[in-house]
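Along the sequence shown, residues are numbered consecutively beginning with 1.
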Amino acid sequence: MKVVITKTWPALDETLKEMFIKTYEYEFSKCMKIADLGCSSGPNTLLVISHIIEQLSKQEHAPREIQVFLNDLPDNDFNNLFKLMSTNTNTNTKNNNIECYIYGAPGSFYGRLFPNNTLHFAYSSTSIHWLSQIPQGLEKNNKENIYIATTSPPHVFEAYSKQFERDFTTFLKLRGEEIRGGGRMVLGFLGRSVADPTSKDEFKPYTLLSETLSDMVSEGLVKEDDLHSFNIPIYGPSVQEIDAAVESEGSFNLDKMEFVFVPWVAKEDCNNYEKTDTSGKIVAKCVRAFLEPLLVVHFGSSINVDRVFDVYAEKVEDHLSVDESSSYFFHVISLTRKTKT
């Protein structure tokens, strides 16, 4: 989502500026190494790189060369990504006197990606909330919910919370090994504004999808056992959970933690859809883009994905007719790698 990425830019710009004020010993004038973690394969990746280059060019001691490592899972369409790169004048060869070299780095960011002390800066947007796996112990205990809902049993929340703690701690530890002392990292990811997830439904899009699948069970279009065993590997942590994980792991200082509310239907993203699309259809297309593969793998050929998201779009439209201000809650954090001894 373009709008989510741009919401991270104030923190990103400030962080890059601070790097050149405080850490010129890196000799950025030679080559600066940057990683985009969970880069995906569309034009938004170009948007990120172009913006970083633009900000670097404003610095007094701008690097003459930068290496950008684009990371995502191996099944990401890197071929399409590099085709886009080759036609984008802001990311190929020289731009603002900065030579930019771009590489693919396939693999999970819950594993090692780079040698020790390689990176100066790492960035990620809309990726860290993806868990490495569905939390263990859920089985069919979450019934008709596909995520944490206000009706979920306490152990469901605990399972998700513990999985996030393990994953985020691993992520910080590995990046701590790869990022040089004094290096920086900016992360933007889905979260929640309250500590108790059962006190407020901040993930209504997933609740509405649960209701859609439940309706299809009633119609005999989806097997009940399949629904009861389906949970999505996403977790939106609270401020307290993030702070505790960073402090406990110990590799980074948490310099800044902000939050932004992003409307379900953001004007900046509407150009990507048909003019005739309703708000419900826009949200449905967005959710379908990242959840359809999970639905197909879990439910198999028995599920009519088109039918699912047609009904889902109607439910979203009904919800937005009552609450037009529905928004996602996103964390934006800036961290500094502690000086290594």
Side-chain angles (χ1 to χ4, degrees), residues 129-131 133-168 189-242 259 261-264 280 283-284 286-288 290-292 294-295 297-299 302-303 305 307-331:
H129 49 254
W130 283 98
L131 302 174
Q133 63 179 47
I134 297 172
Q136 295 181 351
L138 294 186
E139 283 91 26
K140 298 181 180 179
N141 295 318
N142 206 20
K143 293 295 184 179
E144 296 176 356
N145 301 311
I146 63 173
Y147 183 66
I148 300 171
T150 55
T151 57
S152 295
H155 68 268
V156 170
F157 164 64
E158 293 171 6
Y160 269 100
S161 180
K162 288 180 180 178
Q163 185 65 50
F164 170 78
E165 181 182 4
R166 285 192 293 269
D167 285 345
F168 193 49
F189 51 99
L190 187 68
R192 64 180 192 275
S193 62
V194 294
D196 180 4
T198 64
S199 66
K200 182 180 180 182
D201 188 357
E202 295 191 85
F203 303 99
K204 190 67 175 180
Y206 305 143
T207 302
L208 294 174
L209 185 56
S210 296
E211 293 174 2
T212 299
L213 293 171
S214 293
D215 289 349
M216 297 187 76
V217 168
S218 300
E219 296 172 12
L221 301 176
V222 170
K223 295 178 181 178
E224 185 175 61
D225 283 348
D226 286 345
L227 173 58
H228 289 178
S229 60
F230 180 61
N231 293 280
I232 58 176
I234 288 177
Y235 184 70
S238 66
V239 169
Q240 295 84 348
E241 288 173 300
I242 296 169
F259 65 85
F261 287 99
V262 180
W264 287 12
V283 174
C286 178
V287 172
R288 180 173 184 169
F290 64 86
L291 282 187
E292 179 176 0
L294 298 181
L295 289 169
V297 169
H298 183 81
F299 292 94
S302 65
I303 193 168
V305 178
R307 171 65 176 163
V308 169
F309 286 100
D310 284 344
V311 175
Y312 178 67
E314 294 174 2
K315 287 185 177 293
V316 173
E317 188 70 23
D318 289 343
H319 172 81
L320 291 175
S321 68
V322 177
D323 185 2
E324 295 181 353
S325 63
S326 294
S327 301
Y328 299 102
F329 182 93
F330 270 84
H331 298 288

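In this structure the side chain of P135 never reaches within 4.5 angstrom of the side chain of K162, judged on heavy atoms. Taking 4.5 Å as the limit, every side-chain heavy atom of D196 sits out of range of all side-chain heavy atoms of F157. Contact of the L291 side chain with the L209 side chain is registered, since non-hydrogen atoms from C-beta on lie closer than 4.5 Å. Contact check for L294 versus P233: side-chain heavy atoms found under the 4.5 Å cut-off. Taking the side chain as every heavy atom from C-beta outward, F330 and H129 approach each other to under 4.5 Å.
Checked by atom type and distance alone, the side chain of E202 pairs as donor or acceptor with a backbone atom of S193 at under 3.5 Å. Side-chain atoms of E317 come within 3.5 Å of backbone atoms of G280 as a donor-acceptor pair (strictly under, hydrogens ignored). The closest donor-acceptor contact from the side chain of S152 to the backbone of A149 lies under 3.5 Å. Side-chain atoms of S210 come within 3.5 Å of backbone atoms of I146 as a donor-acceptor pair (strictly under, hydrogens ignored).
Closest approach of P237 and F189 over heavy atoms only: CG-CE1, 3.7 Å. Nearest heavy-atom pair across S327 and P263 is OG-CA, 3.8 Å. Summarising the geometry of V156 relative to N141, their closest heavy-atom pair is CG2-O, 4.3 Å, with the distance given to 0.1 Å. Of all non-hydrogen atoms in S238 and V194, the two that sit nearest each other are CB-O, 3.9 Å. Considering every non-hydrogen atom in both P205 and W264, the closest pair reads CD-CZ2, 3.3 Å. The heavy-atom pair separating L295 from I303 by the smallest distance is O-CG2, 4.4 Å.
A distance of 3.0 Å separates OG of S326 from NE2 of H319, quoted to the nearest 0.5 Å. Note that the CG atom of L213 and the CD atom of E224 stand 12.5 Å from one another [nearest 0.5 Å]. For the atom pair CG (N231) and NE2 (H298), the distance works out to 8.0 Å, reported to the nearest 0.5 Å. In this structure, R307 CZ and Y312 OH are separated by 15.5 Å, a value rounded to the nearest 0.5 Å.
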F203 and Y235: side chain to side chain contact (heavy atoms under 4.5 Å, CB included), yes or no, with the steps?
CA-CA 10 Å; F203 303 99; Y235 184 70; over 6 Å; no
Go through it in stages, so that I can follow the logic: the residues are S302 and V222, the test is side chain to side chain contact (heavy atoms under 4.5 Å, CB included), and I'd like the CA-CA distance, side-chain angles, deciding distance and then a yes or no.
CA-CA 7 Å; S302 65; V222 170; over 6 Å; no
Stepwise, does the side chain to side chain contact (heavy atoms under 4.5 Å, CB included) test hold for T212 with F309?
CA-CA 8 Å; T212 299; F309 286 100; over 6 Å; no
Start with the C-alpha gap between H228 and N142, add the side-chain angles, then the distance that decides, and say whether side chain to side chain contact (heavy atoms under 4.5 Å, CB included) holds.
CA-CA 7 Å; H228 289 178; N142 206 20; over 6 Å; no
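A salt bridge between K315 and D215 is present, with a side-chain N of the basic residue lying under 4.0 Å from a carboxylate O of the acidic one. Contact check on E241 versus R192 returns a salt bridge, with a Lys/Arg side-chain nitrogen under 4.0 Å from an Asp/Glu carboxylate oxygen.
Tested against T207 for a side chain to side chain donor-acceptor pair (under 3.5 Å), the candidates D201, T151, N145 yield a single pass: D201.
Separation of the F259 and H331 ring centroids does not fall under the 6.0 Å cut-off. Close placement of the Y160 and Y147 rings is indicated, their centers lying within 6.0 Å of each other. For an aromatic pair to be called close, the ring centres must be under 6.0 Å apart, and F299 with F230 satisfies this.
Heavy-atom contacts from other residues, nucleotides or ligands closer than 6.0 Å to CD of Q136 number 12 or fewer.
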